[in-house]
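Structure first, then comments.
For clarity, every value in this text was computed on a predicted model and none was experimentally measured.
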Amino acid sequence: MKKFISFIMIFAIIFCSVSPVFAVDEYSFDLQYTGTIVKNVEKEGVVLLTGVNGTPHQTVQIKVDITGPATPKILATDSAGTEYDIAQLGYWGPPSGFAVGGDFVNRTPIKATFVEEGSYTIKLSLIDVNNPASVFATKTFNIEVYEDMPPVVENVIGNAVMENTVEELPKTGTSVVEYALYIISIALIISIVGIYLNKRKIRA
């Protein structure tokens, strides 16, 4: 038994010593915006590319894949002040790519307009322009676009409740005091009738 335990311990030590150490989440995406997305109403947002101890790459792009009822317009502006529709282009970044590595957060403001309501998916992938099959990070975002601004049900219900609040219940039906008087009256009547009947029996 001791030999078996010693073998397990030796195996664990060797396994831990030769196992590679993997970096966690070298690169990741996020899409930030507030409120509801409505058809034909421009929505501002931010695309974030974050690196955490990222392995250096010199020629990367952000590939943009969109599925849904129609192709939206998603505008982004580069450092030179030129505006691009990345939904039409299908990517973000110069044709030759750009460099990433280490710890960083890149914020890219966008302005999106969806011409049709419905459900959309936006998939962002960090790829090597010289080898598109090399994907360093990817994330898919689900977007719901509405025909009109949906009503805020919570506020409607809250207002209705406040407007219809009853501070004092209306007094309807018979009160407790009235019931007590009725019972006392009936008891007196029964007593009087009982006394009368008893007197008639005695006389008889």
Determine whether [X] and [Y] fall in the same hydrophobic cluster, where Ile, Leu, Val, Met, Phe, Trp and Tyr are linked whenever their side-chain heavy atoms lie under 4.5 Å apart.
X    : Y   : value
V115 : V38 : no
Y33  : L75 : no
L89  : V47 : yes
V129 : I62 : no

According to the salt bridge (Lys or Arg N to Asp or Glu O under 4.0 Å) rule, which pairs have a member within [range], sequence neighbours left out?
range            : value
residues 119-146 : none
residues 66-88   : E83-K111
residues 93-109  : none
residues 38-53   : K39-E147

Partners passing side-chain hydrogen bond (donor to acceptor under 3.5 Å, both in side chains) against [X] (at least two apart in sequence or in another chain):
X    : value
T113 : none
T77  : none
N130 : T59
S134 : N131

Hey, are the side chains of [X] and [Y] touching, using non-hydrogen atoms and a 4.5 Å cut-off?
X    : Y    : answer
I143 : I122 : yes
L31  : L124 : no
L49  : T108 : no

Linking directly or through intermediates, with side-chain heavy atoms under 4.5 Å: list the remaining ILVMFWY members grouped with V46, chain and number order.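 Members besides V46, by chain and number: L48, V105.
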Suppose the criterion is ring-ring contact (aromatic ring centres under 6.0 Å, His included): which pairs have a residue in residues 73-100, not counting sequence neighbours?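 The answer is none; no pair qualifies.
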Quick one: ring-ring contact (aromatic ring centres under 6.0 Å, His included) pairs with a partner in residues 111-137, sequence neighbours left out? H57-F136, F114-Y120
Of all the heavy-atom pairs spanning [X] and [Y], show the shortest one and how long it is.
X    : Y    : result
E116 : A70  : CG-CB, 3.6 Å
T138 : S125 : OG1-OG, 3.0 Å
A137 : S28  : CB-N, 4.3 Å
L126 : Y27  : CD2-CG, 3.8 Å
P69  : S119 : CD-O, 3.4 Å

Mind checking the OG1-CZ spacing from T140 to F29? Nearest 0.5 Å is all I need. 10.5 Å
What pairs with T67 under side-chain contact (heavy atoms from CB on, under 4.5 Å), at least two apart in sequence or on another chain?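 T67 satisfies side-chain contact (heavy atoms from CB on, under 4.5 Å) with T121 once adjacent residues are dropped.
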